Amino acid sequence: MYRLNDWQISDDGLSEDDVLQNGNRLLTGNGYLGRRGVVDEALPSDMPATILSGIYDRHGDLWREPVNSPDPLYTLVSVDEKPLRAGDERTVSHEQALDFRYGIYSRSTSWNINGKKAAVKAQRYAHMEDVNLLCMRYVISSGGQCKINVRQGINREIKDLNGPHLGNFRYIEQSQLKQNDITQRIKGLSCETLEKKIPLSVFSALVNDKMQYIKEEKISNSDDGIFSCLTFDIVNDTEIELIIYGAINTEKECVKAAEEQIKKSLNEGWENLLKRHKAKWDKIWNTGDVVIEGDEYAQRCIRYSLYHLWIIAPRYTENGNGRALSIPARGLSGQTYKGAIFWDTEMFIAPYFRSVRPQMASQFIRYRIQTLEGAKKKAVEYGFRGAFFAWESQESGDDACSDFNVTDVFTGRPVRTYFRDKQIHISADIVYSIQEYVSHTGDTSILIEGGMELILEAARFFLSYLYYSPEHKRYEVLDVIGPDEYHERVNNNAFTNRVVLAVFEIARSYIEMFQKENPLFINDLIKRISFNDDLEFMKTVIDKFYLPQPDSRGIIEQFDGYFRHEDCSIETVRSRLKDPKEYWGCSGGVATPTQIIKQADVVTMLALFGGDYPAEIKKANLDYYEKRTEHGSSLSACMYALLYCETGSSDKAYPFFIKSAEIDITGKSKHFAGLVYIGGTHPAANGGAWLTAIHGFCGFSVCNGEIKIKPRLPSLWNKVKFTCLMRGEEFEITVTKDNYSICKKQ
Ligand code: BGC
């Protein structure tokens, strides 16, 4: 069972499910790589993974997914020739923990070896500054006289969901470096991805200072990796400390880079490296933290959520020299969801970074700008113009979403899904998020550097997608999927229509702005991409665009005909399941013919465009849709929380906030869509927790560089303190039940 303390979460479970959950729960990372929280001697079935951000590979015609690196920290200890594995029959105690202030994973396991105790204690982390580096301190205690074997090195026995992805392996054996009686054993491996031949080098170094016990040592390599094999003859109780460094590089000269990283780390040493790593985290928390007074549990959950955002944020791309990257829907916790980037980043994750690290938020936009060509290709593929962004976007912007994204539980056959073809709101979400970024930061340079072109191409896509209804004399958006994926191919989804209109409005207002401030730029752009006719058409469309309106009860119909669907309870729908893993949507899904929806849809629209609707409408819709929302997506709860805050019901918002904030602590989320494994961490919920705490409970918003606060804390909370970076200045904001202060930090 897991335990959550201040800045620490631990778990002593050993079941198969515990191992899977802890892999996510105790994840460490630094934005370049994510390392699952599994033990150092993990077998492939434990799903050990070191996921590399932005590196993808496709094996045969299986799903393209992020690359899982060979593991340079692999360590297996045997006592008297018998391997010690957490959970084997000799295990006496076992605990794993994560210090989420400093991103340090630890494990402590003991075994009974013929009446004597042997134990392993290890700590490891992904260096927050030297992002190619993994560090581990591994201490073995022997229970008296015994022979200890250590097999430490680069392990290739890792499990891919849709692999393998690497080939052309070459081992690099280094002569052992002896310095003042300390032996440093360095091993290396180079390989490349199968599809794009991206080079990957992994180095591992092992240092230990108990030379007197070493009886034998060698480096061996085989198909499963390259390892140092040490034999210690132990005569009495003793501790053997090993320091292990791992370096992983993927640039052109990666062998050299990984080797240099290792040598530099050996010189710097464990203590100094750790100091530098912690200093980086201190700096991050200095601006990134949220302090909640009055609610210890919420405090721990929100910090844990923010920790998860920092370990997957690709800060290393911020220097702007190369590719920009974004954050996948399951972060760097594994290969689920193909390591793809969804609307999650723009709508749920970006708000936090916009506020505490705008340069990271700008990278998310730059990533989309870099994938614009892919989006244009996708639009053409479906017979449209402009930019139709990938629903599941990988490094090039090609859509990783397959036409058959769910596997039927009963037949084992792939089911046709329309996420890729019809979830067109993705292009609008990106535009919406660019506008939010510009409004917060005042950074219009991003518009000039590709952002404006993206916005116009997105607008063009929607102009080519919409239909004119001569009957109603209005423009409509037909045949789409809104956020509620259980109802595919619907007409006039309220959310989609609203965000599409927002694209036109944003495009028009930026054109007007540039017309005043930089006419040369905007006129050139309009000419270069031949947007003139589209511009005229767009103006007409804005005036005649259809937005579904509240009915006599104040309820906005989620899509045309939604109210005609069977109106029943979630329990009724659940009771119709013949298998717990059954997918609720698609043609045969239990939710499809009913009004039961997967996630906040109209509610998301009202949360984002709150200013357009009075409180009674928001309340009526909350009331109507809450009973009908299954929350089958981790993106759902925070939108309910936000809207409850908006309508003055913070205590109703609170359980939704907790649901978002504790999702990766409890591990309570869907793990399967049909037969497809979808487990991992939930960055959108992590970001959603921040959104609720800050935008919801504190009523924080920024509009054109002006900070606004409307306190509406839940009963338990007395005070919230957080930081907002804006336009080169740093503000410390304190919110109490009925007051607030905004102080410029010096
Ligand atoms: C949700 C999407 C979300 C995706 C990735 C799906 O289950 O319905 O809205 O973008 O997961 O998190």
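Every number for a ligand or one of its atoms is a count from 1 in the order of the listing. None of these values were measured; they are calculated from a predicted model.
- Remark: Asp421 engages Arg416 in a salt bridge, criterion side-chain N to carboxylate O under 4.0 Å.
- Classified by interplanar angle (parallel below 30°, tilted 30° to 60°, perpendicular above 60°), the ring pair His487/Phe559 is tilted.
- Protein neighbours of ligand 1 below 4.0 Å, counting non-hydrogen atoms: Ala329, Tyr337, Phe342, Trp343, Asp344, Trp391, Glu485, Lys598, Gln599, Ser633, Leu635.
- The pair Lys598-Asp484 does not meet the salt-bridge criterion, since no charged nitrogen lies less than 4.0 angstrom from a carboxylate oxygen.
- In this structure, Phe388 and Phe461 have parallel ring planes: the angle between them is below the 30° cut-off, well short of the 60° mark.
- Ring geometry for Tyr644 versus Phe656: interplanar angle under 30°, hence parallel rather than tilted (30 to 60°).
- Taking the charged nitrogens against the carboxylate oxygens, Glu457 and Arg460 do have a contact shorter than 4.0 Å, which makes a salt bridge.
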